[in-house]
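Report on one structure; see the data block that follows.
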Protein chains: 2
Amino acid sequence: MGYSESTGGRKAVFNPIADDGNEYKFCSTCAFGSVCVGHGVDKIGLTELHCLVEHAGPFRTGDAIFRHGDRFSAVYAVRAGTVKTSQVDREGRELILGFHLPGELIGLNAIHTEIYPCDAIALETVEVCRFSFPALATLATRIPQIQKELFRRLSKDIGDASQRIQESTADERLAAFILNLCARYEARGFAANALRLSMPRSDIANYLGLAAETVSRVLRRFQDSGLLVVEGREVSLKNPAGLREVARNILPD
Amino acid sequence: MGYSESTGGRKAVFNPIADDGNEYKFCSTCAFGSVCVGHGVDKIGLTELHCLVEHAGPFRTGDAIFRHGDRFSAVYAVRAGTVKTSQVDREGRELILGFHLPGELIGLNAIHTEIYPCDAIALETVEVCRFSFPALATLATRIPQIQKELFRRLSKDIGDASQRIQESTADERLAAFILNLCARYEARGFAANALRLSMPRSDIANYLGLAAETVSRVLRRFQDSGLLVVEGREVSLKNPAGLREVARNILPD
DNA sequence: TCGCGCGCTTGATCGGGGTCAAGGCGGGGC
DNA sequence: GCCCCGCCTTGACCCCGATCAAGCGCGCGA
């Protein structure tokens with residue numbers, strides 16, 4: 001069980017994951033990992049959910065999946081590739097809000113204003129599932145698990161967003177960033193302790209509130225102290241525990 | 001119409017607010033401002049919503065409404081006073097996540113883990129409404145407006161959280177913080193251009209990622225340049241446009 | 001093949017704001 | 001009244017990381 005799929009040049013293996021006793025599985029059709037469990041499709045209305053889905057793509061590097069100011073009409077699940085979401089302030093500077101890996105949902109926070117609050121840009125070749133939102137919301141009122149999953153994802157995003165504020169030093173921020181990316185890849189069946197930084201250094205810097213030069217320097221320092229090895233955009237962790245120690249300023253437990 | 005109520009020493013006047021053509025009103029029973037509209041109670045099930053509510057308090061300064069690690073069982077709406085939410089990292093340092101004014105909802109982000117991820121502490125005498133959460137979620141599946149309002153509030157929190165990251169200089173952060181607080185007070189019927197900082201400088205500093213000394217210095221600089229007047233914890237804006245100019249690094253429109 | 005440009009790295013300098021330290025101010029308890 | 005303690009302010013110093021600048025390597029189009 002578990003099948004593999006090519007994802008932006010990497011091999012992704014989506015295995016069933018057991019963590020709380022249930023048999024979870026990444027659903028390649030709807031990308032609703034923890035809703036689309038092995039409980040049987042009809043029980044939680046996945047047939048209906050799957051009917052809502054349109055597959056879209058591929059988007060090429062730099063293409064927009066949606067743009068700030070577009071009327072909110074759908075949420076998207078990333079199926080392959082990496083997407084960044086960003087805003088442009090009135091001086092024209094870009095502010096990156098997040099990077100989104102396969103299996104993650106984007107656009108959900110637009111419910112707030114009915115307008116997408118940011119751009120979603122492909123960082124490499126990207127495929128997505130599109131969920132028409134009014135239909136998804138209606139489905140959520142009928143299927144509590146889907147409502148709960150939407151709540152859960154929204155509240156998780158809050159945690160992620162507020163977590164970013166606290167890392168103070170450049171080392172802490174970058175260590176936390178790498179560990180976070182790594183954990184998200186791993187949760188989706190990618191090899192542990194190795195990851196691809198699909199975004200340029202300048203995007204990482206922007207996201208972390210640092211200068212690109214600092215990102216470069218810190219990565220070099222991490223490599224010199226044996227924490228990891230950098231080869232262009234590929235990173236392999238040599239001492240994850242040490243890295244975790246550097247990033248220790250993170251959330252309790 | 002519009003009634004007044006004493007709120008931690010200030011007079012709050014809750015007037016009906018008309019902004020999108022509907023007659024909105026702050027509902028003093030359920031605190032669900034934009035759900036509890038003048039559309040008539042039965043239409044959106046507010047009788048049921050009101051049945052879920054327990055009033056609680058008063059909490060005294062320093063009291064906890066809930067604590068990190070408590071099992072998630074309810075969300076709370078602040079009715080009077082100011083609440084801060086914070087986490088404690090493993091080195092024992094406090095990290096403040098937000099300040100919550102009357103009419104705002106806290107605890108909703110606990111859905112994510114079923115455990116409150118933070119402490120909620122009264123900064124002055126505080127009263128709250130308590131909504132048993134399983135019941136509220138069930139109600140949300142039956143009443144789409146309530147589901148939508150919960151989505152809306154969650155996604156708004158994301159916006160607020162990610163907004164905090166971007167202000168870079170101390171001046172920008174503090175200006176944005178003051179304008180934000182002021183707008184939230186004003187939206188609830190308090191006098192415009194005046195606000196009370198119910199939290200100590202050290203809490204503001206913590207929240208903004210600054211030192212308390214810096215908060216002090218920047219406030220003084222703002223006062224010296226005629227932007228506002230500080231008297232202890234009371235602040236009155238003298239030049240809101242100028243302050244907005246200082247904080248211009250905020251979201252597009 | 002060469003040249004160009006972009007992304008990345010490394011070095012040198014500078015400034016915003018943290019930290020340490022020393023008062024002021026005000027309120028509550030006795 | 002007094003003192004005490006917590007909050008706030010102001011000053012002096014210094015460090016982290018931004019900025020400026022230069023050079024490197026690689027991919028791509030002509």
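Note on naming: letters A, B, ... go to the chains in the order of the sequence lines (proteins, then strands), and numbering restarts at 1 for each one.
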**OP:** Taking only the side-chain heavy atoms of B:R233 (C-beta and beyond), determine which of D:dC7, C:dC20, C:dC8 contains the nearest atom.
**Re:**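 Among the listed nucleotides, the one closest to the side chain of B:R233 is D:dC7.
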**OP:** Return the nearest nucleotide to the side chain of B:P200; candidates are C:dG17, D:dC7, D:dT9.
**Re:**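 Output: D:dC7.
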Original post:
Which heavy atom of B:A176 sits nearest a heavy atom of B:A247, and at what distance?
Top reply: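 Distance-wise, the nearest heavy atoms are N-CB, 3.6 Å.
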What is the distance, rounded to the nearest whole Å, between atom [atom1] of [X] and atom [atom2] of [N]?
X	N	atom1	atom2	value
A:R173	D:dG17	CZ	P	8 Å
A:E231	C:dC8	CD	C1'	15 Å
A:L123	C:dG7	CG	C1'	14 Å
A:R221	D:dG17	CZ	P	8 Å
A:L197	C:dG7	CG	P	15 Å
B:I204	D:dC7	CD1	C1'	12 Å
B:D171	C:dG16	CG	P	10 Å
A:M199	C:dG7	CE	P	14 Å

Subject >> OP1 or OP2 of C:dT10 under 4.0 Å from side-chain N/O of A:R220 >> reply: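 Indeed, a polar side-chain atom of A:R220 lies that close.
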Original post:
Does the side chain of A:T214 get closer than 4.0 angstrom to OP1 or OP2 of D:dA18 through an N or O atom?
Top reply: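 Result: yes.
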Original post:
Does any donor atom in the side chain of B:H100 or B:T85 lie under 3.5 Å from an acceptor atom in the other side chain?
Top reply: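 Yes, a side-chain donor-acceptor pair sits under 3.5 Å.
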Original post:
If we ignore angles and hydrogens, is there a donor and acceptor under 3.5 Å between the side chains of B:R60 and B:T125?
Top reply: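 Indeed, the side chains of B:R60 and B:T125 share at least one donor-acceptor pair under 3.5 Å.
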Subject >> Donor-acceptor pair present, A:R201 side chain and C:dT10 base, under 3.5 Å >> reply: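 Flag unset: no donor-acceptor pair detected.
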Original post:
Ignoring hydrogens and angles, are the base of C:dG11 and the side chain of A:R217 linked by a donor-acceptor pair under 3.5 Å?
Top reply: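 Yes, the side chain and the base share a sub-3.5 Å donor-acceptor pair.
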**OP:** Assign B:A211 to base, sugar-phosphate, or nothing according to its heavy-atom contacts below 4.0 angstrom with the strands shown.
**Re:**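 Base: the residue B:A211, judged by heavy atoms under 4.0 Å, touches a nucleobase.
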Original post:
Closest nucleotide of DNA chain D for A:A170 versus for A:E213: which of these residues is on the 5' side?
Top reply: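 Taking each residue's closest nucleotide, the earlier one in sequence belongs to A:A170.
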Original post:
With a 6.0 Å cut-off on ring centres, are B:F66 and B:F72 close enough?
Top reply: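 Aromatic pair excluded; centres sit 6.0 Å or further apart.
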Subject >> Centroid separation A:F131 to A:Y76 less than 6.0 Å >> reply: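 So the answer is no for these two rings.
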